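We name chains A, B, ... by the order of the sequence lines, and we start the count at 1 in each one. The structure displayed is predicted, hence computed values, not measured ones.
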There are 2 protein chains.
Amino acid sequence: MIAIHPLTGMPEINAGDDLATLLREGLEAPGLWPVQANDVLVVTQKILSKAEGRMVDLDEVEPSPEALALAETTRKDARLVELVLRESSAVVRAVPHVLITRHRLGHVMANSGIDRSNIGPGGSERALLLPIDPDRSAAGLSRALAGESGIAPAVVISDSFGRPWRHGVVGVAIGAAGLPALVDRRGEQDRDGRRLEVTQIALADQIATAAALATGEGAEGIPAVLIRGLPLPDGDAPAAALVRPLQEDLFR
Amino acid sequence: MIAIHPLTGMPEINAGDDLATLLREGLEAPGLWPVQANDVLVVTQKILSKAEGRMVDLDEVEPSPEALALAETTRKDARLVELVLRESSAVVRAVPHVLITRHRLGHVMANSGIDRSNIGPGGSERALLLPIDPDRSAAGLSRALAGESGIAPAVVISDSFGRPWRHGVVGVAIGAAGLPALVDRRGEQDRDGRRLEVTQIALADQIATAAALATGEGAEGIPAVLIRGLPLPDGDAPAAALVRPLQEDLFR
């Protein structure tokens, strides 16, 4: 049985907070500490970004000519569009109300993952960028959360995104450590001895999505989730391994 | 806490099997019967298709001229391509080794979801099509699995698919009943009283992906999963509600 435990009772996170300590306390309170083998801690992108101080005051953003033009096309706030452009390497689609970009980390998502909701008291004129290097942060959190036994949890930094042909959002991993974010099963055999035709499994994305069931994706504000009882394959590959290279992209 | 229980110990499924009875036995053996409120039973597309007799002998398939041409482009078996075309309303992308279509039910996926692995003893010359009407089948299974208390489980028929900009597969719902497959949270407020900018939540897709963590996507052959402890929103919308209409598709 796989168990998904939302970490309720964690405080609001602010810039400069020691996230590892707060997460440890978040695990101790409901009796989930110490970490067990195969534990995966899913940390929402939002609290990592806040702790890193990735909040930007929109009043301090000067839109470039490119941002102004794109703001007209998409009918979005030009200051927000400027931030989106700064955080991306390419615009994938820009139509009224929709701006899809390739984030500097490679992830294709709306608005370079920049968020204006669930920010915290202080006004609507702020935007939260994605973390600087979520793979590296995942590795750091994993190490910091190793208990006395030396067992460190795998860590996934999660966000949510839409899909081109389906309504609604699902979870996605933008950072990962301590597990293979992408599992390669090609060449294995099925139960009848035939070679499996596909499959690479986006394990970290699946984990992020399972965690999203417990965080509810919105108003409840649950910042992290522990998944226990999932046998993890050997290997350690970051979330960057999930990003399809540009030259393989059939939908640019 | 949300619990994900794989139903191990279920027999191999064959055409004509009474799936509801086999699933009930699959729940009884590990003590998961009777069904509780908010239970979601995730049934893999494969066993539903098998029970419906959706297996096709490739030797009986005559490729059309269109299939022959597409087989040359994609370097795939022309008989398989013929089946893919019969099960689709449009070809989205066709390049060497990749054939992405819009399935007749609307789902955009590789090869119209047709599968040649994990089929069962009898040879490699068979292919398994998707079920005829998985939303309707989900509703039928839900009703059939209502216990004496009258509580019926929500049911999700799951498959897996790749994504355009990310490696690896995740779960997807092709059928759903007893829950809102798509949850609309637009207009709600976040914890600071600000309006949530997005979000529609692809709940049934998230559930299918969480279940995939327990089925392992391949060689183990686990046919169904019970998810217990997930508070389900009110409402009942089928998996068809997840499909983005053609006129909103920015990536055809």
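With a 4.5 angstrom heavy-atom cutoff, A/Ala181 does not touch chain B via any of its atoms. No part of B/Val183 comes within reach of chain A, as not one of its non-hydrogen atoms sits under 4.5 angstrom from that chain. Heavy atoms closer than 4.5 Å to chain A are found nowhere in B/Val225, neither backbone nor side chain. When heavy atoms are compared at a cutoff of 4.5 Å, A/Val95 approaches chain B solely by way of its side chain, counted from C-beta outward. Within the 4.5 angstrom heavy-atom criterion, only side-chain atoms of A/Leu182, from C-beta onward, approach chain B. When heavy atoms are compared at a cutoff of 4.5 Å, B/Ala241 approaches chain A solely by way of its backbone atoms N, CA, C and O.
The side chain to side chain donor-acceptor pair (under 3.5 Å) test applied to A/Thr44 returns no partner, not counting sequence neighbours.
The side-chain heavy atoms of A/His167 and B/Pro245, taken from C-beta on, include a pair separated by under 4.5 Å. Side-chain atoms of A/Asp249 and B/Trp165, non-hydrogen and from C-beta on, do get closer than 4.5 Å to each other. Side-chain contact check for B/Phe251 versus A/Arg93: some heavy-atom pair is nearer than 4.5 Å. The shortest distance between side-chain heavy atoms of B/Thr209 and A/Val170 does not fall below 4.5 Å.
Remark: A/Asp59 CG is packed, more than 12 non-hydrogen atoms of other residues, nucleotides or ligands lying under 6.0 Å away.
Residue B/Gln206 comes nearest to A/Ala212 through the heavy atom pair NE2-CB, 3.8 Å, listed as atom of the first residue, atom of the second, then distance.
Judged purely by atom type and a 3.5 angstrom limit, A/Arg244 uses its side chain to pair as donor or acceptor with the backbone of B/Arg163.
In this structure, CD1 on A/Ile207 lies 6.0 Å from CG on B/Leu213, to the nearest 0.5 angstrom. Atom-to-atom distance recorded for B/Arg166:CZ and A/Leu242:CG is 5.0 Å, nearest 0.5 angstrom.
Interface residues of residues 99-108 of chain A toward chain B, defined by a heavy-atom distance below 4.5 Å and sorted by number: A/Ile100, A/Arg102, A/His107, A/Val108.
Heavy-atom pairs under 4.5 Å with chain B were tallied for A/Val243, A/Asp205, A/Leu230; the largest tally goes to A/Asp205.
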